Amino acid sequence: MLRNNIHKYRLDMIRSLDQGKLLLIFCCLEFLVGTSLYADDPKPFKHEKQIYVDQNKDIYVGVRQPLFLTVSSSGQKDGVKIPLYSKGDTIRGKIPLPFKAKRGGKHKIYYMDLYDKGQNNKDREGLFEINVDDLSPETKFIYNGSTKHRVHSKMIIYGSNLEVSLKAEDIGSGLKGSFYSINGSNFKYFQKSIPFENEGLYIVRAYSVDKVGNAEEIKTSEFRIDKTAPKSSMSWSNIRYKDIASPVSNIVLKAKDDYAGVGRIFYSFSGFGKRIKGKWSGKPISLKGMKQGNWNFTWYSQDNVGNVERTQSISFYLDVTPPKANLAVIGVQHKKSSKTYISLSAKIKLNASDNKAGVEKIQYLLEKGRYKSYKKPFSLPAKHGLHSVSVLSHDKVANVSSQKISNYYMDLRLPKTYHYFIGQSYKKDKYTYISNQTRISFRGKDEDSGIKKVYYRIDNESPKEFRKPFRITVKGACSVKFYSEDQVGNKELARKLNLFVDEEPPEIYFRQSIKRIGVKTIDDTKVGVYPKGTSVYLAATDDASGIDTISWILNGQKSDVRASHIKLKSRGLHTIVIKAVDLVGNLSVKNLNIIID
């Protein structure tokens, strides 16, 4: 609103006898719109000061705007108007001197009759008011249709579809119009919102003018139109092989925008009939927990003013299955119960298979210590007993198998072979005496991998595998060498058995204690006759193993008494059966008939 400053202009008027009441009116000044002037830098139009009368017939003028007073006997617009000269006008007939309001607000003009001495100073007549407008309009920039982003205090960026409008207000005489200039162009009268379709930097200048010619200071808006979408890229962190990734693989997204800056990066995973959406948080995107198989990854970025780039995508296979390691023994091995026995010369060979990415490396650990990379088959420590081998297999996308442990028992102990005889045998000096009916058998013993085979060799014959007890039928001395081999190839040193095959029975001897006294023939056989009390002495010899026992049967009666002589007490024919057995069971039998008289 106009400031409520009341400026008093005293006008002494003399009543005329032949005229009625004088009308005091302001001179009507034509309001001339200033002619626009342009220079290299855009300059606002030149706006002349003018008088404005609103619909309520209130008068508005500008500060220091020249004002003239006229009198007329008619209130008509086209009536005769006579200018009023002030006391300071020395030359009448020319244009009167104007008066001007120095401050804004509501101003009043009074007049009084100087001949009316009784008139109270307060009883003024003919009050006239004018409004002096010393305030220019206020213009604001209105931005519509686009997203705004402030880079810093002096730079604002908008996206597509920006339209700028001017909104001006004036609290005095009212708004006459607004004007704008873009990037130094000539000012134009603002009628409707201004579209900005092209990308670039803009400087928009604007101001407004009220109805008495007050123009505000030029206001400036500087901004950039950014219609270019950001550019983003995707990369893998950690391990990836070709188009194969694993749960330890991470996706990293980056984007760049030259002006408004990157606002958001959106992404999604598609696979197995579902879609997983997300917004890039600045941290690597983990693939943990996702199902193994084919996936499609899409992403795009959006800047801070809504420009969106074209969606990009890649396809990859998520491999979550680690390789499978296998251990094999190269060389002699034997499985018994739950153990695997190996020889000293055996080596461990490792390999692995993988479902997709392929095997990158295999590591192994012996007993304790650190894992080593497998390059070729290796031997276990040359120590009898149980050994453990731990294996890890890695594929090319860092899937690692669980630790696979295999135990191997290294058998370094030699077996032992025992011999035994089925039948008579007798050990004497360096030989063991047997008969041709005695069978020889072997039994191997091994506390680890177990006996595989037992071998024997008679004299210089080729070694034979022992399968069942056997006999040696050739008379005389011989040697038998024998040894065992266990299941992993350990062979004991051959042991030697010196044998003597005794196949000759003993030779029996007897002699009577008294000389014969006669001879009788019985069944065509001559039988010696001896006196009563004669004893028969028995003996036997053996050229090899030796005599074991001598026994006799007298007249069909076996005697339990083993004696070297038989005393004959009764008269008559006596039949004696004499038996001699050597130490390997060879039997010799001899019959003796004797008559006691």
Side-chain angles (χ1 to χ4, degrees), residues 1-9 23-38 42-70 72 75-78 81 98-110 126-144 163-182 185-194 204-221:
M1 297 178 64
L2 287 173
R3 292 192 302 270
N4 192 25
N5 295 327
I6 299 176
H7 298 269
K8 302 175 182 178
Y9 299 89
L23 288 178
L24 178 64
I25 64 171
F26 290 111
C27 63
C28 297
L29 303 178
E30 293 184 1
F31 177 71
L32 300 177
V33 179
T35 305
S36 61
L37 299 175
Y38 300 101
K43 293 183 178 181
F45 292 109
K46 185 176 181 181
H47 300 280
E48 298 290 346
K49 298 291 185 177
Q50 64 181 21
I51 297 174
Y52 170 68
V53 180
D54 66 11
Q55 60 184 2
N56 296 321
K57 303 303 180 180
D58 289 333
I59 299 173
Y60 292 85
V61 298
V63 174
R64 297 187 178 278
Q65 182 176 349
L67 300 176
F68 299 90
L69 296 176
T70 61
S72 174
Q76 299 299 321
K77 197 172 183 180
D78 54 353
K81 301 178 183 62
F99 66 93
K100 301 175 182 180
K102 296 180 180 180
R103 290 181 295 173
K106 189 177 290 294
H107 293 250
K108 295 183 179 181
I109 299 176
Y110 300 90
L127 174 63
F128 298 94
E129 291 184 351
I130 60 173
N131 297 294
V132 178
D133 184 358
D134 64 343
L135 299 175
S136 59
E138 289 286 338
T139 304
K140 294 181 180 179
F141 293 95
I142 306 298
Y143 307 90
N144 295 307
E163 292 187 355
V164 177
S165 297
L166 301 179
K167 181 180 180 181
E169 293 182 352
D170 187 81
I171 59 175
S173 58
L175 181 69
K176 182 176 180 65
S178 298
F179 303 86
Y180 69 93
S181 167
I182 299 175
S185 64
N186 292 333
F187 277 96
K188 297 179 181 178
Y189 181 70
F190 174 75
Q191 293 179 309
K192 60 180 180 179
S193 59
I194 309 162
V204 180
R205 297 176 175 88
Y207 71 95
S208 296
V209 177
D210 64 13
K211 292 179 179 179
V212 296
N214 291 321
E216 72 176 316
E217 293 290 331
I218 294 175
K219 292 185 175 179
T220 301
S221 174

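What you are looking at is a predicted structure, and each value in this text was computed from that prediction instead of being measured.
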Problem - Chi angles and distances behind the side-chain contact (heavy atoms from CB on, under 4.5 Å) call for V61, V212 - result: CA-CA 6 Å; V61 298; V212 296; 5.5 Å; no

Exercise for the section: Please name the pair of heavy atoms, one in A168 and one in T139, separated by the smallest distance, quoted to 0.1 Å. Expected result: CB-OG1, 3.7 Å

Handout entry: Considering all heavy atoms, the nearest Y143-V164 contact
Key = CD2-CG2, 3.8 Å

Handout entry: Partners meeting ring pair (Phe, Tyr, Trp, His ring centres under 6.0 Å) with F179 (sequence neighbours left out)
Key = F45, H47, Y189, Y207

Completion exercise
With sequence neighbours left out, the residues meeting side chain to side chain donor-acceptor pair (under 3.5 Å) with K188 are none

Exercise for the section: Without swapping roles, check the side chain of D133 against the backbone of G62 for a donor-acceptor pair under 3.5 Å. Expected result: no

Handout entry: Under the side chain to side chain donor-acceptor pair (under 3.5 Å) test, residues paired with S193 that sit two or more places apart
Key = E163

Handout entry: All side chain to side chain contact (heavy atoms under 4.5 Å, CB included) counterparts of S136, not counting sequence neighbours
Key = N214, E216

Exercise for the section: Can you measure from NE2 (H107) to CZ (F99) and round to the nearest 0.5 angstrom? Expected result: 10.0 Å

Practice task
Check V209 against A215 and note the closest heavy-atom contact, atom names and distance.
Solution key: CG2-CB, 3.7 Å

Practice task
To the nearest 0.5 Å, tell me how far S221 OG sits from I142 CD1.
Solution key: 10.5 Å

Handout entry: Closest approach of Y180 to L166 (non-hydrogen atoms, all atoms of both residues)
Key = CB-CD1, 4.0 Å

Handout entry: Distance (rounded to the nearest 0.5 Å) between D170 CG and Y60 OH
Key = 9.5 Å

Practice task
Would you please test R205 and K43 for side-chain contact (heavy atoms from CB on, under 4.5 Å) and show each step?
Solution key: CA-CA 10 Å; R205 297 176 175 88; K43 293 183 178 181; over 6 Å; no

Practice task
Kindly compute the distance separating CG (D58) from CD1 (I130), expressed to the nearest 0.5 Å.
Solution key: 11.5 Å

Completion exercise
side chain to side chain donor-acceptor pair (under 3.5 Å) filter on E169, not counting sequence neighbours, yields none

Problem - Under 3.5 Å donor-acceptor, S178 side chain and F190 backbone - result: no

Problem - Nearest heavy atoms of K176 and D210, plus distance in Å - result: CB-O, 3.5 Å

Exercise for the section: Please round to the nearest 0.5 Å and tell me the distance separating atom CG of L67 and atom CZ of R64. Expected result: 12.5 Å

Practice task
Working to the nearest 0.5 Å, report the span between NZ of K167 and CG of L175.
Solution key: 12.0 Å

Practice task
Report yes if some heavy atom in the side chain of E48 is under 4.5 Å from a heavy atom in the side chain of Q65; otherwise report no.
Solution key: no

Practice task
Return the set of residues passing side chain to side chain donor-acceptor pair (under 3.5 Å) with S165 (not counting sequence neighbours), or none when no residue passes.
Solution key: none

